[in-house]
Amino acid sequence: MPDSFNRSAPPRARWRRLIGMGIFSLVMFVLLMALGIWQVHRWHYKDRIQREIVAAQMLPPIPLPDHPTPYEKVAITGHWLADKAAFYGDQIRNSPAGELQGAQLVMPFRRDNGDVVMVDLGWVEGRSPRPTPVPAGPAMVSGYIQRAQNFGPFAAKSDPAKGIFYTLDPVRIGAALGLDRVAPYTLIVLGPKPIAGGPVPAASLPEPPNNSQQYALTWFGLAIVVVIEFLFYARKRLRDPA
């Protein structure tokens, strides 16, 4: 008799058991769906950027604009400061002879307007920076722009006295080389692979990864899980005695 009475309790009283969990599940569902929709927008945005990069890769470099982006090829004119060089990073590369230790070779280039641009010529083997042969007199350099990096306390400690840096900060690198009027960005050289022994430049413009589609599916999947979990919870609570 008591069990029969509980199962025949007023529907409104039985549904009240689901109010708390229902509100929580609804909030989580809306939040997860919003995150999924945001990632869909990010997916389309990054896809457009990647298509623009592919198109820019096929175009010749343009004169360096006032506000360059890392997704276009640019060119500067001036002359090399051929007696100065620095290392950025510490990279091990494989070769038929075994592992080779090296870093990115950075050299200064003075533009026609007097500003100095630090130029990343590419990876070279070695443990200390040495200037590589560069053209004398007027020259043009092309590549893409890399803004100054700031890794905070997690960056390895640089050694300015030896010209070895682990953060690509052109102003700091230029100051260590005794230069002023250094631009707050680095020009990353693009080009074909050089002759043996020379710096190995970047092969293409940087392309940001686009994992937003996977993230969107993850958020939408979690939203479905929330709905399923609530349905199981509701089924159990409505069957329990009052």
Side-chain angles (χ1 to χ4, degrees), residues 38 41-89 103-124 129 131-132 134-152 155 158 160 163 165-192 194 199-210 212:
W38 172 64
H41 287 293
R42 292 279 296 171
W43 171 31
H44 290 296
Y45 168 74
K46 290 182 178 180
D47 181 66
R48 178 174 58 81
I49 292 293
Q50 289 178 331
R51 286 187 276 108
E52 290 177 356
I53 292 172
V54 171
Q57 188 69 41
M58 306 301 294
L59 298 174
I62 63 174
L64 181 66
D66 293 334
H67 303 286
T69 74
Y71 306 125
E72 59 186 351
K73 291 192 289 186
V74 299
I76 56 176
T77 57
H79 62 276
W80 290 99
L81 303 179
D83 60 337
K84 301 179 184 293
F87 261 180
Y88 161 62
Q104 300 294 120
L105 179 65
V106 179
M107 291 183 61
F109 186 90
R110 189 176 296 280
R111 299 181 64 190
D112 295 332
N113 63 4
D115 292 344
V116 174
V117 175
M118 304 307 299
V119 179
D120 184 340
L121 291 165
W123 183 90
V124 293
T132 192
V134 289
M140 183 182 75
V141 186
S142 62
Y144 67 89
I145 294 300
Q146 171 70 62
R147 291 289 173 180
Q149 298 173 336
N150 182 13
F151 297 142
S158 300
F165 297 85
Y166 295 99
T167 301
L168 193 56
D169 184 339
V171 174
R172 185 182 181 194
I173 295 174
L177 298 179
L179 301 170
D180 57 9
R181 292 189 61 180
V182 178
Y185 50 77
T186 304
L187 180 69
I188 311 297
V189 167
L190 290 170
V200 181
S204 63
L205 292 169
E207 185 172 326
N210 189 1
S212 295

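This one's a predicted model, so the numbers in the text were calculated from it and none came from an experiment.
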Practice problem: Before giving the answer on side-chain contact (heavy atoms from CB on, under 4.5 Å), spell out for L187 and I145 the whole-Å C-alpha distance, their side-chain angles and the decisive distance to 0.1 Å. | Solution: CA-CA 5 Å; L187 180 69; I145 294 300; 3.9 Å; yes
Exercise. Could you give me the CA-CA distance, side-chain angles and deciding distance for S142 and K73, then say whether side-chain contact (heavy atoms from CB on, under 4.5 Å) is met?
Key: CA-CA 7 Å; S142 62; K73 291 192 289 186; over 6 Å; no
Self-check item: Step-by-step side-chain contact (heavy atoms from CB on, under 4.5 Å) determination, V134 to F109
Solution: CA-CA 10 Å; V134 289; F109 186 90; over 6 Å; no
Practice problem: For side-chain contact (heavy atoms from CB on, under 4.5 Å), just list the numbers for L121 and Q104, CA-CA rounded to whole Å, side-chain angles, deciding distance to a tenth of an Å, and then say yes or no. | Solution: CA-CA 7 Å; L121 291 165; Q104 300 294 120; over 6 Å; no
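Of all the heavy atoms in P201 and V189, the pair that sits closest is CB-O, 3.6 Å. Across all their heavy atoms, H79 and G137 have their closest contact at CB-O, 3.6 Å. Listed here is the closest heavy atom pair of K46 and P209: CD-O, 3.5 Å. Heavy atoms only, all atoms of each residue included: L81 and M107 are closest at O-CE, 4.2 Å. Residue A203 comes nearest to L190 through the heavy atom pair C-CD2, 4.1 Å, listed as atom of the first residue, atom of the second, then distance. Shown here for S204 and Y144, the closest heavy-atom pair between the two residues is O-CE2, 3.9 Å.
Distance CH2/W38 to OH/Y45: 12.0 Å, rounded to 0.5 Å. Interatomic distance, S212 OG to H44 NE2, rounded to the nearest 0.5 Å: 10.0 Å. Here CZ of R181 is found 10.0 Å from CZ of R111. Values are rounded to the nearest 0.5 Å.
In this structure the side chain of V106 never reaches within 4.5 angstrom of the side chain of V119, judged on heavy atoms. At a threshold of 4.5 Å between non-hydrogen side-chain atoms, the residues Q146 and D120 do not count as touching. Counting heavy atoms from C-beta on, the side chains of L179 and P108 come closer than 4.5 Å. The shortest distance between side-chain heavy atoms of R42 and N210 does not fall below 4.5 Å. Looking at heavy atoms from C-beta onward, Y71 lies in side-chain contact with I49 at the 4.5 angstrom threshold. Looking at heavy atoms from C-beta onward, Y88 lies out of side-chain contact with T186 at the 4.5 angstrom threshold. In this structure, E72 and P65 have side chains that are in contact, with non-hydrogen atoms separated by less than 4.5 Å. Within the 4.5 Å cutoff, the side chain of L168 has heavy atoms near those of the I173 side chain.
Partner of I76 under the side chain to side chain contact (heavy atoms under 4.5 Å, CB included) criterion, chosen from D115, V141, N113: V141.
Judged purely by atom type and a 3.5 angstrom limit, R110 uses its side chain to pair as donor or acceptor with the backbone of G114. The closest donor-acceptor contact from the side chain of Q50 to the backbone of P208 lies under 3.5 Å. A donor-acceptor contact shorter than 3.5 Å is absent between the side chain of D169 and the backbone of A148.
Donor-acceptor pairing under 3.5 Å is recorded for the side chains of T77 and D112.
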